[in-house]
Protein chains: 2
Amino acid sequence: MTQLEMARKGIVTPEMRKAAQADGVDPETLRKLIAEGKAVLPKNKNHSFQRPLAIGANLRTKVNANIGSSGACASVELELEKLEAALRAGTDSVMDLSTGGDLRAIREAILEKSPVMVGTVPIYRIATELHRKGIPLYKMDVDQLFKELEEQCAQGIDYITVHCGVTLETLKRIEGSDRVLPSVSRGGSILMTWMRHNRKENPLYENFETVLDIAYKYDVTLSLGDGMRPGTVVDATDRAQIEELILLGELARRARERNVQVMIEGPGHVPLNQIEANVILEKRLCDGAPFYLLGPLPTDIAPGYDHITAAIGGAIAAAAGADFLCYVTPAEHLSLPSPDDVYQGVIAARIAGHAADIVKGIPGAIERDRRISIYRRDLNWEGVLSEALDPEAARKRLALAYDRETCTMCGELCAVKLSRPFAKKS
Amino acid sequence: MTQLEMARKGIVTPEMRKAAQADGVDPETLRKLIAEGKAVLPKNKNHSFQRPLAIGANLRTKVNANIGSSGACASVELELEKLEAALRAGTDSVMDLSTGGDLRAIREAILEKSPVMVGTVPIYRIATELHRKGIPLYKMDVDQLFKELEEQCAQGIDYITVHCGVTLETLKRIEGSDRVLPSVSRGGSILMTWMRHNRKENPLYENFETVLDIAYKYDVTLSLGDGMRPGTVVDATDRAQIEELILLGELARRARERNVQVMIEGPGHVPLNQIEANVILEKRLCDGAPFYLLGPLPTDIAPGYDHITAAIGGAIAAAAGADFLCYVTPAEHLSLPSPDDVYQGVIAARIAGHAADIVKGIPGAIERDRRISIYRRDLNWEGVLSEALDPEAARKRLALAYDRETCTMCGELCAVKLSRPFAKKS
């Protein structure tokens, strides 16, 4: 039985108990959320790891770090370094998006070392193999694709992205549209290439029941990919994107009917004033399924700083109800991220998530802000550092003034110090 | 006559013309905005500089960088380095907040070298001098304070922060309140200290007409400081803050009646879901006066990364109508910023401002996103770099894959490349 199936039967599993505890919620509350499909608990039956977590409504906003090799840059060691950096920065999940080197070995190593859930996009493996052999992508063998899905699920992957919503119907919405970038989704564009050449429907859509069979067998959570996500703010929230979202909502319902856990992937590049609408729409069209966002980036003009741009969009999205933020690193749009980029990306996403958790009313969120602020009032620097998101980074920057009490920003003209007589005794 | 006075008389000044051109708006449109008090054009009669800019409604969101020495860290050279870093990062304004070293010399050097408007907080000089002489702040001489105001205005400062809204009435709102941090405003807490000890009203409030006389004489724009701004999200939007804002609205009206340009400073530390309300409130209570925000920071837990936290809050505030973003650097709350911190702070604030300008509908804003996205679609990397906010930083990170066309992120599995057949010919 899957976590969803057990939740529906009223059973609180050990994983639910652990995940509930990590989030500071009641296990029964979490069970209900999972049963309703408003939360997922990605954990493959074949993967045991330290920190199973749930993603969804009324829970702390979770953060994912995409790691993985590329053709230009592939080694198991480097990927383990990135995993380590992501974990040090406090990620809740990693996705292995490798497309270079020994893909199975990298996946195996990450699965073994990761204390957090691991996701993949199985079609990358197929595309990588074809590319290596010089075979055009449109010759992708559908059976091979499903074999790969099964292999990765059997291997222990906790959630997989499947771009089931890129259909002949969705593609129609691109034709004749003003889209600047038809697709910025690797998985989506691989399928589009195949569909265009073979004039056939997306096999992941057409054989969605087979996808469900595999996912059910290992309790792999489906992350329904957004092949039509906008790749520039100019393309955001267009007909192709929303057509796909409608289909994903239908597929999500089918998944839940088969007791398969499911979440929905979302954009992408979205102007500030469309972000909330995107979250509301997803929740409505997908019956409250957890929303997993990449970014969103509210502008395209800051390559080199897209972790900051994504933090802006991510905070707004999460405050509006998005549940899971896929980080963006400073390397986005320019190169494969380094371990330090991975670290910076996770930190930025966590800032966004926490700022949102304060207004989501997540238990414990604003309390941490209160604690650090009381330490700040008391100029108790060790206290401040102990509550800081990244104590080490803060400690490196901390420079005390001559009085050893205040920092070098204001020295003895420190407002906190000067306004002490006005502080309420507490 | 001040810019405001001339605007009211229907005169388009050369500065208005220059500022209008820089913003891509019609000079007559800008004149009207200035006449209505919805925009300011900070430019001291005694200061000639290259790039006069207007701040306000329907204009590009502007960015300020706070530089300046402190007791622990004071040299003219270092401040000029910070000025240079801020300019390289594209700041629209700098404030010299020095409280260490030869304050007049630093101010003089910044005024001379800066091609953009320069602001100060004159009371810092007074407090610094008292502190040096070992005289308690409550012994501050009111005449001395006004002499200093006059001196800095005569010297050519384009706008000054005066904390006129910290009054006996506002302070009452702190007493018995739950505020964690009574004040995080240096200027505010200096005045609070003086008021508490002398049991007298804030001299800048009581003698506001004198402030106006001086400001009018040199056409110095008043930036009405927020001594009561919250210093933690827990304190945001409380009675003390809003009481002060009400007073600032009244003072702003008096300033405009005297033909003195005026803008309003705002918080601070504000949870995500209160930011828009703060902007709406300021616009209403202050008759549409330009809103100058420090941050806002939607969480307190990320010292070392507060430029990112402030970018989140700044983007939301600006999208809601805030006009002027004071940057926050990664050093905030920990130490005086270095030139590199200054650079990072300006970039982060500019990302926030631009993301907001897209949704404000500022002419030219989204067009830049469109251009960079078309270059991205065409994998025209030089084009991408040419439209990037920080071309140098982006170039450093750019790493091309073997095919020299795509980047190392995806290599030949690049979605942009794969989805080309679906692109509209343009």
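Given the structure is predicted, the values throughout are model-derived calculations rather than measurements. Each chain gets a letter, A, B and so on, in the order the sequences are listed, and its residues count up from 1.
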task: Using non-hydrogen atoms and a 4.5 Å limit, figure out which bit of A:Leu272 sits close to chain B: side chain, backbone, both or neither.
output: both
query: Which pair of heavy atoms, one from B:Arg368 and one from A:Ile301, lies closest together, and at what distance?
result: CG-CG2, 3.7 Å
query: Where does A:Ile372 contact chain B at under 4.5 Å (heavy atoms): side chain, backbone, both or neither?
result: side chain
message: What I'd like to find out is whether the side chain of B:Gln344 reaches to under 4.5 Å of the side chain of A:Tyr305, using heavy atoms alone.
response: yes
query: Would a 4.5 Å heavy-atom cut-off, applied to side chains only, mark A:Phe422 and B:Glu175 as touching?
result: no
field: Which portion of A:Leu398 sits near chain B, non-hydrogen atoms under 4.5 angstrom
entry: both
field: Among the listed options A:Ala311, A:Ala393, A:Ala401, the residue most often paired with chain B at heavy-atom distances under 4.5 Å
entry: A:Ala311
- line: Under 4.5 Å to a heavy atom of chain B? For A:Asp403 that would be neither
statement: For B:Thr99, the side-chain contact (heavy atoms from CB on, under 4.5 Å) test, sequence neighbours excluded, returns A:Leu413, B:Ser70, B:Tyr124, B:Thr128, B:Arg186
field: Which atoms of B:Ala356 approach chain A - backbone, side chain, both or neither, heavy atom under 4.5 Å
entry: both
statement: The single option from A:Met409, A:Arg397, A:Arg395 that satisfies side chain to side chain contact (heavy atoms under 4.5 Å, CB included) with B:Leu334 is A:Arg397
- prompt: Taking B:Gly411, B:Gly304, B:Ala394 one by one, which has the highest count of heavy-atom pairs under 4.5 Å against chain A?
  reply: B:Ala394
message: Under 4.5 Å from any heavy atom of chain B, what part of A:Pro330 do you find: side chain, backbone, both or neither?
response: both
Options B:Leu97, B:Asp369, B:Val234, ranked by heavy-atom pairs under 4.5 Å with chain A, top entry: B:Asp369
query: Tell me, side chain or backbone of A:Ile347 under 4.5 Å from chain B's heavy atoms, or both, or neither?
result: side chain
message: Given heavy-atom pairs under 4.5 angstrom as the criterion, report whether the side chain, backbone, both or neither of B:Leu400 touches chain A.
response: neither
message: I want to check something: taking the side chain as every heavy atom from C-beta on, are A:Ser373 and B:His269 in contact at a cut-off of under 4.5 Å?
response: no
- request: Side chain from CB out, backbone as N, CA, C, O: work out which of these in A:Leu297 comes under 4.5 Å of a heavy atom of chain B, or both, or neither.
  value: neither
field: Closest non-hydrogen atom pair between B:Pro182 and A:Ser419, with its separation
entry: CG-O, 3.4 Å
query: Of the options B:Thr309, B:Ile312, B:Ile351, which is the one that meets A:Ile308 in a side chain to side chain contact (heavy atoms under 4.5 Å, CB included)?
result: B:Ile351
message: For chain A, which candidate among B:Val233, B:Asp235, B:Ile174 shows the most heavy-atom pairs at distances under 4.5 Å?
response: B:Val233
- request: Evaluate the side-chain proximity of B:Pro303 to A:Arg376: yes if any heavy-atom separation is below 4.5 Å, no if none is.
  value: yes
field: Side-chain heavy-atom pair A:Arg370, B:Val180 within 4.5 angstrom cut-off
entry: yes
- line: Whatever's closer than 4.5 Å to a heavy atom in chain B on A:His333 counts as both
field: Euclidean distance, A:Gln274 CD relative to B:Ile358 CD1, rounded to 0.5 Å
entry: 10.0 Å
- request: Nearest 0.5 Å please: distance from the CZ atom of A:Arg420 over to the OG atom of B:Ser183.
  value: 13.5 Å
- prompt: With B:Arg173, which residues qualify under salt bridge (charged side-chain N to carboxylate O under 4.0 Å, His left out), at least two apart?
  reply: B:Glu169, B:Glu243
